[in-house]
Protein chains: 2
Amino acid sequence: MSDIDLLALRQSSTLSELVADKMEKLILSGKLAAGERINEAVLAKELGVSRGPVREASMLLTSRGLVEFIAFRGAFVRKISRAELLEIYDLRAVLTGQACYLAALKAGGNAGPLNDLHDRMEKAADSNKADRYYELNLKFHECLVDMAGSSRLRTMIDSLVNEMHLYRQVSLRSHPDMAQSNREHRAILDAIIQGDAEKARKLGEAHVRAGKQRFEAAGAETLVEDE
Amino acid sequence: MSDIDLLALRQSSTLSELVADKMEKLILSGKLAAGERINEAVLAKELGVSRGPVREASMLLTSRGLVEFIAFRGAFVRKISRAELLEIYDLRAVLTGQACYLAALKAGGNAGPLNDLHDRMEKAADSNKADRYYELNLKFHECLVDMAGSSRLRTMIDSLVNEMHLYRQVSLRSHPDMAQSNREHRAILDAIIQGDAEKARKLGEAHVRAGKQRFEAAGAETLVEDE
DNA sequence: AAATATTAAATTGTTGACAATCTTGGATCA
DNA sequence: TGATCCAAGATTGTCAACAATTTAATATTT
């Protein structure tokens, strides 16, 4: 567990937030394993702060869906079952659909950076660079939600995506059919540019559902995430 | 501001949670007005606790969508604009649709307490008892989400409903067309009993959207909420 | 030996004091 | 007069000590 505490150089940010960011990384990287209890005193010492900020950070992460708080027992890294993961896919599909719907309404024929991202993803897919594709894919979805312009929606989707990463502390990236995935992106993009909000919703939903089906089709071990 | 602190009789619950419950009531009843800053020291004194639990309670309420935290400036009761309220309606519609979908899948032809609730609401509608109807309506929606069996979904919807109540610190209850509202409930219920999940989703979504349209149709002052 | 009660250790919950930051009001200057 | 700067006050952020609770380890009983 790394403890190069750059905590000192905080700028207009509170210690609790910095600790929360650090903890988020520890959790998403698996250094704090799913199901594990987070010992306030130990973590506080490792980070060079007192228990207060660690407590507050834990609560912050609770609202981000990464941590579960139990009174007098402590904060636990959340553990996601297969059934829950499938449930999350469904919720994310519905919310992503709404994001596409709103994006189409607000775009006004101009899809902004999405076009560029799509092109770069196509290149990554052609040259079979899965890591690069994964990275751009994250940006694409982020950008999509930004276009929708609803902070609530963003928070909800981010939280769900976070939770997905807790499934069996495994990194979800994988090597699916990038070309197919990006064709779906193209279709969503077109609907948004045309301003066809209902179509965008349907395609957005279907895109995430396709990801779910890829996951279900694969074994429980081989995880598939790039949509 | 009432301060009959029954905080003493806590049972297997933490002070922070009790304070959070109390604060939630203060906010939803308008005693803590939307936009207002929550002074930790003052509230702590009024409730007879130290600042710690008040702080933690504020963070809890942040994740429930009632409070906004700004570093070094404090916790503010959230303020919802008309545009945001409309946005929330849409999100709630989509999530309620998903709840109905899941409920239909899991019901197995048995709608449980929903039938009973529907009957009681019909009576309330016939005798024009709006308050009674409002109360039962809340239970109906709650029960619906419970049937869906997803704690995530529940949290999200609860959060949205909470936020709606922050719009102009006005109680949202009103005297809409209870009979029409309950006809919509009946249709949802039937779809659930028949196990027609996609139909249940559509009807659930439409039900909330109808509430949104009633709100939009009414003046900005007259609020309409019973769906 | 297994189950239950008891005690000690570890851990979380709460508090009050102090540090860091923001806000307010007044003084200074153009 | 109006704007800017500065200091005092108010408020939040952090800490370390103490209280309440849970967990474990041990003793006791059957």
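Residue numbering restarts at 1 for every chain, and letters A, B, ... go by the order of the sequence lines.
- For the pair A:I70 CD1 and C:dT11 P, the interatomic distance rounds to 16 Å; values are reported in whole Å.
- Within the structure, every side-chain polar atom (N or O) of B:S16 is placed at least 4.0 Å from both OP1 and OP2 of C:dG13.
- Each salt bridge (charged side-chain N to carboxylate O under 4.0 Å, His left out) pair with one or both residues in residues 102-117 of chain A, not counting sequence neighbours, appears once here: A:D116-A:R120.
- Residues passing the side chain to side chain donor-acceptor pair (under 3.5 Å) test with A:R209, sequence neighbours excluded: A:E205.
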For residues 58-72 of chain B, dump all side-chain donor-acceptor pairs below 3.5 Å to protein atoms at least two apart in sequence or in another chain.
unit_1	atom_1	unit_2	atom_2	d
B:S58	OG	B:V54	O	2.9
B:T62	OG1	B:S58	O	2.9
B:S63	OG	B:L60	O	2.7
B:R64	NH1	B:E24	OE1	2.3

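- Legend: residues meeting ring pair (Phe, Tyr, Trp, His ring centres under 6.0 Å) with B:F140, ordered by chain and number and at least two apart, are B:H185.
- Salt bridge annotation for B:E84-B:K79: absent, with no cationic side-chain nitrogen under 4.0 angstrom from a carboxylate oxygen.
- In terms of the side-chain contact (heavy atoms from CB on, under 4.5 Å) criterion, B:K25 has no residue partners (sequence neighbours excluded).
- Residues passing the side-chain contact (heavy atoms from CB on, under 4.5 Å) test with B:A200, sequence neighbours excluded: B:C100, B:A104, B:A191, B:I192.
- Distance A:L43 CG to C:dT12 P: 11 Å, rounded to the nearest Å.
- Listed by residue number, the members of residues 51-61 of chain B with any heavy atom below 4.0 angstrom from DNA chain C are B:G52, B:P53.
- Look at A:T14 and you won't find any side-chain N or O under 4.0 angstrom from OP1 or OP2 of D:dT12.
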Could you write out each protein N or O paired with an N or O of nucleotides 8-11 of chain D at a distance under 3.5 Å?
unit_1	atom_1	unit_2	atom_2	d
D:dT11	OP1	B:N39	ND2	3.3
D:dT11	O3'	B:R37	NH1	2.9

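- Counting to the nearest Å, the C1' atom of C:dT12 and the CD atom of A:E68 are 16 Å from each other.
- One atom, CD of B:E17, and another, C1' of C:dT14, lie 14 Å apart when rounded to the nearest Å.
- For A:R154, the side-chain contact (heavy atoms from CB on, under 4.5 Å) partners two or more places apart in sequence, or in a different chain, are A:E142, A:V145, A:D146, A:D158.
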